[in-house]
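One structure below.
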Amino acid sequence: MNMGSSSVPDFPVPHRKLSLEIKILLPDYLGRISVITTELSFQRLLSTAGNKTEVVVSSYDDYFLVIATQIGTMGTILHARKEEGMSINPTFSVSVIFGKRDEPMLVACARQLIEHISCSASSRPLVLSLGLKDHSTETLKAIVSAVIENRLW
């Protein structure tokens, strides 16, 4: 592995980590205990356009969480869901919760993922966090492919 001063190390073998979480007990401000269940969690390292990208996918009772980061932080957070309605063709809603609102490719990435989720008959929404140095089409396609390849829905 080449560890130069300015280069990012190559990852010749895809790294995968799978974990199973059963229950998380969280007290609220009144001291009551809430139970949050996560079914599965998936983690993978990608090397895209010379950048190390860590992808984490978690499946909860009421939503899917996807985190993809090259900078070690959450970055832009998006919420995507399938709209309920009488139409034959599905409608999807994607909104930026925090972060860059002027990046249409991030919205397109969230839309692609929620379309795949809804095609599998799941009605759970998606929370997507993208902390990326590189917002290129190549990087976003690699992230979408990695999530779909290892989908938890």
Side-chain angles (χ1 to χ4, degrees), residues 1-24 26 35-84 89-153:
M1 202 173 353
N2 182 6
M3 301 278 294
S5 61
S6 64
S7 67
V8 175
D10 293 327
F11 294 96
V13 178
H15 170 75
R16 295 178 184 210
K17 178 181 177 183
L18 181 68
S19 63
L20 178 64
E21 303 277 334
I22 303 301
K23 291 184 180 179
I24 302 169
L26 295 174
V35 177
I36 298 174
T37 303
T38 176
E39 297 166 7
L40 287 173
S41 182
F42 165 80
Q43 180 177 348
R44 183 171 181 184
L45 288 177
L46 306 172
S47 183
T48 56
N51 292 308
K52 177 182 82 166
T53 307
E54 186 172 1
V55 179
V56 178
V57 182
S58 294
S59 175
Y60 295 90
D61 285 341
D62 55 349
Y63 65 93
F64 294 103
L65 173 65
V66 175
I67 301 171
T69 185
Q70 296 172 337
I71 58 176
T73 63
M74 297 285 283
T76 300
I77 300 174
L78 302 105
H79 181 265
R81 64 185 174 94
K82 181 179 178 182
E83 296 285 340
E84 299 297 326
N89 297 323
T91 304
F92 302 97
S93 169
V94 179
S95 58
V96 177
I97 298 172
F98 299 111
K100 296 184 177 184
R101 298 182 185 278
D102 58 347
E103 289 285 343
M105 291 304 290
L106 302 183
V107 173
C109 181
R111 182 176 169 87
Q112 272 195 317
L113 288 174
I114 195 64
E115 286 179 9
H116 280 281
I117 290 169
S118 70
C119 285
S120 67
S122 177
S123 61
R124 288 186 273 180
L126 168 71
V127 175
L128 175 63
S129 169
L130 297 169
L132 305 174
K133 294 178 192 174
D134 174 26
H135 295 174
S136 69
T137 304
E138 175 189 344
T139 297
L140 295 172
K141 281 183 180 180
I143 291 168
V144 169
S145 295
V147 172
I148 291 170
E149 178 183 311
N150 300 284
R151 63 182 169 256
L152 298 178
W153 49 87

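Numbers here are sequence positions counted from 1.
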Which side-chain N or O atoms in residues 65-75 pair as donor and acceptor under 3.5 Å with protein atoms at least two apart or in another chain?
| residue | atom | partner | partner atom | Å |
| --- | --- | --- | --- | --- |
| Thr69 | OG1 | Ile71 | N | 3.2 |
| Thr69 | OG1 | Gly72 | N | 2.9 |
| Thr69 | OG1 | Thr73 | N | 3.3 |
| Thr69 | OG1 | Thr73 | O | 2.9 |
| Thr69 | OG1 | Gly131 | O | 3.3 |
| Gln70 | OE1 | Lys133 | N | 2.8 |
| Gln70 | OE1 | Asp134 | N | 3.0 |
| Gln70 | NE2 | Thr53 | OG1 | 3.0 |

Taking all non-hydrogen atoms of both residues into account, name the closest pair between Met105 and Thr137 and its distance.
CE-OG1, 3.6 Å
Would you check if the side chain of Arg124 reaches a backbone N or O of Tyr60 as a donor-acceptor pair within less than 3.5 Å?
yes
Answer yes or no: is there a side-chain heavy-atom contact under 4.5 Å between His135 and Leu132?
yes
List, one per line, each side-chain donor-acceptor pair under 3.5 Å for residues 90-102, sequence neighbours excluded.
| residue | atom | partner | partner atom | Å |
| --- | --- | --- | --- | --- |
| Ser93 | OG | Glu83 | OE2 | 3.4 |
| Arg101 | NH1 | Val96 | O | 2.7 |
| Arg101 | NH2 | Ile97 | O | 3.3 |

Pair Tyr63-Leu126, side-chain contact (heavy atoms from CB on, under 4.5 Å): steps then yes or no:
CA-CA 6 Å; Tyr63 65 93; Leu126 168 71; over 6 Å; no
Tell me whether Glu149 is salt-bridged to Arg44, with the criterion being a basic N under 4.0 Å from an acidic carboxylate O.
yes
Side-chain contact, heavy-atom cut-off 4.5 Å: Ile77 with Leu130?
no
Side chains of Ile148 and Leu113: closer than 4.5 Å at any heavy-atom pair?
yes
Just verifying a value: how many Å separate Arg111 CZ and Leu128 CG, rounded to the nearest 0.5 Å?
14.5 Å
Val144 vs Cys109, test: side-chain contact (heavy atoms from CB on, under 4.5 Å). Steps then yes/no.
CA-CA 7 Å; Val144 169; Cys109 181; 3.5 Å; yes
Closest heavy-atom contact between Leu46 and Ala142?
CD1-O, 3.8 Å
Roughly how far, to the nearest 0.5 Å, is the OG1 atom of Thr48 from the CD1 atom of Ile143?
6.0 Å
Any side-chain heavy atom of His79 within less than 4.5 Å of one from Pro125?
yes
May I have the step-by-step check of side-chain contact (heavy atoms from CB on, under 4.5 Å) for Thr76 and Glu103, ending in yes or no?
CA-CA 10 Å; Thr76 300; Glu103 289 285 343; over 6 Å; no
Which residues pass the side-chain contact (heavy atoms from CB on, under 4.5 Å) test with Ser123, sequence neighbours left out?
none
I'd like to check Gln43 versus Val55 (side-chain heavy atoms, cut-off strictly below 4.5 Å). Are they in contact?
no
